[in-house]
Enquirer: 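Structure incoming, see below.
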Amino acid sequence: MKTLITIAGPTAIGKTKMAIEVAQALGTEILSADSRQFYKELKIGVAAPSNEELAQVPHHFIGHLSIHDYYNVSRYEIDALNLLESLFQRYNQVVVVGGSGLYLDTLCGGISELPDADEALRASIKEKFEQSGIEYLREQVKILDPVFYETADISNPMRLLRAMEVTLQTGIPYSQFKNKKQQRHNFRITKIGLEQDREVLYNRINQRVDLMVEMGLLEEVQNLLPNKNLNALNTVGYKELFEYFEGKVTLEHALENIKTHTRRYAKRQMTWFKRDSDIQWFGTEQKIQILQYINSEDNK
RNA sequence: GGCGUCGUAGCUCAGUAGGUAGAGCAGAGGACUGAAAAUCCUUGUGUCACUGGUUCGAUCCCAGUCGAUGCCA
């Protein structure tokens with residue numbers, strides 16, 4: 001039986017390092033489940049693995065896309081499952097590491113079959129939303145998919161917009177797609193979570209931002225300024241510095257915002273991962289215990 | 001040294017014609033099905049600097065003390 005080992009945890013906790021150590025110990029390769037490290041243009045700001053780290057263990061889905069590419073969870077699921085199929089021919093275990101909860105969950109548990117976004121349709125809905133406000137989206141969704149509207153988060157424009165988009169695109173209410181459940185995999189999954197004292201983690205985050213600046217974050221972001229409206233750049237570390245380069249805030253302020261937003265992001269990740277009862281949690285130094293746990297799960 | 005201003009939630013500050021106080025930010029908790037590092041929801045009790053006085057009652061008025069700051073010497 002093949003095993004996929006997932007390593008989850010909040011940003012800056014040390015997932016990259018742990019994944020490399022685990023993969024080396026198991027003699028295998030690593031998949032990323034980090035929705036921003038996919039983009040080759042984003043390096044320093046998303047704390048992508050360094051060249052030295054990449055040389056230690058083969059990595060996949062690091063910098064394999066351009067910020068100009070359209071990508072989403074579903075495509076990731078397909079890409080990752082395809083890759084796993086070939087990797088499992090050579091390895092009994094493969095490591096996947098990342099902080100994008102939705103991507104990790106989709107890889108492990110699948111996702112409903114839904115159409116990709118129709119960019120033109122999405123843009124036109126978005127335009128009306130910007131003109132008429134969220135009430136417009138609510139009214140439309142209420143008509144198009146009353147079932148979804150019942151339980152929807154009607155304060156969240158993105159959710160409403162998506163429901164509208166899918167329903168208009170297919171002629172079938174969005175809620176009907178969501179009922180579809182997914183496939184079983186021919187591998188099993190061992191889930192590892194990394195955790196750390198909140199205060200320590202927050203200090204690490206603050207320090208890492210300063211380190212990113214030393215590594216040349218400002219230059220990286222400045223070069224991406226023309227692309228600031230791309231979704232891939234709606235990212236902590238970039239959007240705050242765009243504001244600085246546009247003269248809206250001081251550099252000091254922008255960096256402070258990055259730290260704050262990264263802390264909040266970390267908190268959101270913790271909230272996401274906490275609800276997954278299959279995850280076994282470890283401290284950042286418990287490499288030995290993690291390997292023992294992986295081994296004991298394999299022998300079950 | 002003299003005169004003035006200020007001292008209220010972790011931070012920046014409101015406020016109470018005297019009936020023990022509230023915003024923004026930070027922080028905390030939560031949600032999450034093709035934009036997910038995204039997007040959204042909920043959440044504010046603190047010796048109102050300290051010590052006395054006046055008062056039925058003081059964070060608010062008065063005096064003193066301490067601290068900050070400005071101007072004058």
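Residue numbers begin at 1 in each chain, while the letters A, B, ... track the order of the sequences.
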Enquirer: Report the distance from atom NE2 of A:H253 to atom P of B:U12, rounded to the nearest whole Å.
Expert: 14 Å
Enquirer: Return the pairing partner of B:A38 with a 3.5 Å limit on both distances, Watson-Crick or G-U wobble; otherwise return none.
Expert: none
Enquirer: Calculate the interatomic distance between A:R159 atom CZ and B:C41 atom P; express it in whole Å.
Expert: 11 Å
Enquirer: What nucleotide among B:G27, B:U33, B:A35 has an atom nearest to a side-chain atom of A:L161?
Expert: B:A35
Enquirer: Is the shortest side-chain N/O distance from A:Y39 to OP1 or OP2 of B:A35 below 4.0 Å?
Expert: no
Enquirer: Can you tell me which nucleotide in B:A38, B:G30, B:C40 comes closest to the side chain of A:T271?
Expert: B:G30
Enquirer: So, OP1 or OP2 of B:A36: does either fall under 4.0 Å of a side-chain N or O from A:R36?
Expert: yes
Enquirer: Under a 3.5 Å cut-off for both contacts, is B:C11 paired Watson-Crick or G-U wobble with anything, and if yes, with which nucleotide?
Expert: B:G24
Enquirer: Once you round it to whole Å, what is the distance between P of B:A35 and CG of A:N229?
Expert: 17 Å
Enquirer: Side-chain N or O of A:K259 less than 4.0 angstrom from OP1 or OP2 on B:A26?
Expert: no
Enquirer: B:C66 and B:G27: how far apart are their P atoms, nearest whole angstrom?
Expert: 38 Å
Enquirer: Given 3.5 Å as the limit, does a donor-acceptor pair link the side chain of A:K2 with the main chain of A:R188, or not?
Expert: no
Enquirer: What nucleotide among B:G29, B:G34, B:A36 has an atom nearest to a side-chain atom of A:S100?
Expert: B:A36
Enquirer: Backbone N or O of A:G45 within a donor-acceptor pair of the A:E220 side chain at under 3.5 Å?
Expert: yes
Enquirer: Base, sugar-phosphate alone, or nothing: which one does A:G45 contact when heavy atoms must sit under 4.0 Å apart?
Expert: base
Enquirer: Between B:A68 and B:C62, how far apart are the two P atoms, rounded to whole Å?
Expert: 24 Å
Enquirer: Quick check for you: among B:G34, B:C41, B:G30, whose closest atom lies nearest to any side-chain atom of A:V73?
Expert: B:G34
Enquirer: Would you indicate, yes or no, if B:G34 has its OP1 or OP2 atom less than 4.0 angstrom from a side-chain nitrogen or oxygen of A:Y174?
Expert: yes
Enquirer: Report yes or no: do A:V22 and A:L84 belong to one cluster of Ile/Leu/Val/Met/Phe/Trp/Tyr joined by side chain heavy-atom distances under 4.5 Å?
Expert: no
Enquirer: Using only atom types and a distance under 3.5 Å, with no angle test, would you say the side chain of A:E29 pairs donor to acceptor with the backbone of A:V95?
Expert: no
Enquirer: Establish whether A:L26 and A:I30 are linked, either directly or via other cluster members, by ILVMFWY side-chain heavy-atom contacts under 4.5 Å.
Expert: yes
Enquirer: Give the rounded distance in Å between these two atoms: CD1 of A:I111 and P of B:G34.
Expert: 6 Å
Enquirer: Looking at A:W272, I'd like to know if the NZ or CZ of A:R275 sits under 6.0 Å from its six-membered ring centre while staying within 45 degrees of the ring's axis.
Expert: yes
Enquirer: For B:A28, does OP1 or OP2 lie under 4.0 Å from any side-chain N or O of A:K267?
Expert: no
Enquirer: Checking all strands, does A:Y103 fall into the base, sugar-phosphate, or nothing category for heavy-atom contacts under 4.0 angstrom?
Expert: sugar-phosphate
Enquirer: Using Watson-Crick or G-U wobble geometry with both distances below 3.5 Å, tell me the partner of B:A63, or none.
Expert: B:U51
Enquirer: Between A:R275 and B:C32, does any side-chain N or O lie under 4.0 Å from OP1 or OP2?
Expert: yes
Enquirer: With syn defined as a glycosidic angle within 90° of 0 and anti as everything else, classify B:G44.
Expert: anti
Enquirer: Whole Å only: how far is the CZ atom of A:F129 from the C1' atom of B:A35?
Expert: 13 Å
Enquirer: Distance check needed: B:G34 P versus A:D79 CG, whole Å only.
Expert: 17 Å
Enquirer: Side chain of A:A117 only, heavy atoms from C-beta on: which candidate in B:G34, B:G30, B:G29 is closest?
Expert: B:G34
Enquirer: A:F242 vs A:Y238 aromatic rings, parallel, tilted or perpendicular, using cut-offs 30° and 60°?
Expert: tilted
Enquirer: Does A:R75 make a side-chain N or O approach to OP1 or OP2 of B:A36 shorter than 4.0 Å?
Expert: no
Enquirer: Should B:A73 form a Watson-Crick or G-U wobble pair with both distances under 3.5 Å, which nucleotide is its partner?
Expert: none
Enquirer: Would you classify A:D34 as touching base, sugar-phosphate or nothing, given that sugar-phosphate means primed atoms plus P, OP1 and OP2, and contacts are heavy atoms under 4.0 Å?
Expert: base
Enquirer: Using atom CG of A:D105 as one end and atom C1' of B:U33 as the other, report the distance to the nearest whole Å.
Expert: 10 Å
Enquirer: Which part of the nucleic acid, if any, lies within contact of A:N231, taking any heavy atom under 4.0 Å across all strands shown: a base, the sugar-phosphate backbone alone, or nothing?
Expert: base
Enquirer: Once you apply a heavy-atom cut-off of 4.0 Å, does A:R264 come out as touching a base, just sugar-phosphate, or nothing?
Expert: sugar-phosphate
Enquirer: Taking the C1' atom of each, how far is B:C56 from B:U47, in whole Å?
Expert: 23 Å
Enquirer: Heavy atoms only, 4.0 Å cut-off, all strands: where does A:T260 land among base, sugar-phosphate and nothing?
Expert: sugar-phosphate
Enquirer: Identify whether any heavy atom of A:R263 sits under 4.0 Å from a base atom; if not, whether one sits that close to sugar-phosphate; answer base, sugar-phosphate or nothing.
Expert: sugar-phosphate
Enquirer: Within the distance-only criterion (no hydrogens, no angle test), does the side chain of A:T28 pair as donor or acceptor with the backbone N or O of A:A23 below 3.5 angstrom?
Expert: no
Enquirer: Could you check which of B:A38, B:G34, B:C40 has an atom nearest any side-chain atom of A:N156?
Expert: B:C40
Enquirer: Heavy atoms only, 4.0 Å cut-off, all strands: where does A:V46 land among base, sugar-phosphate and nothing?
Expert: base
Enquirer: Which value, in whole Å, describes the distance between the C1' atoms of nucleotides B:C60 and B:A28?
Expert: 32 Å
Enquirer: For B:A17, what is the paired nucleotide under Watson-Crick or G-U wobble rules, both distances under 3.5 Å?
Expert: none
Enquirer: Looking at A:Y174, is its backbone amide N or carbonyl O close enough to the side chain of A:D145 to form a donor-acceptor pair, meaning the two atoms are under 3.5 Å apart?
Expert: yes
Enquirer: Using the C1' atom as the reference point in each nucleotide, state the distance between B:A9 and B:C25 in Å, no decimals.
Expert: 12 Å
Enquirer: Base, sugar-phosphate, or nothing for A:Y76, non-hydrogen atoms under 4.0 angstrom?
Expert: nothing
Enquirer: Contact class for A:K274 (heavy atom, under 4.0 Å): base, sugar-phosphate, or nothing?
Expert: sugar-phosphate
Enquirer: Expressed in angstrom and rounded to an integer, what is the separation of A:I154 atom CD1 from B:U42 atom P?
Expert: 11 Å
Enquirer: C1' atom, B:G34 versus B:A26: distance in rounded Å?
Expert: 34 Å
Enquirer: Respond yes when some side-chain nitrogen or oxygen of A:R122 is under 4.0 Å from OP1 or OP2 of B:A35, and no when none is.
Expert: yes
Enquirer: Remember a base hit wins even if backbone is also touched, and classify A:T11 as base, sugar-phosphate or nothing at under 4.0 Å, heavy atoms.
Expert: nothing
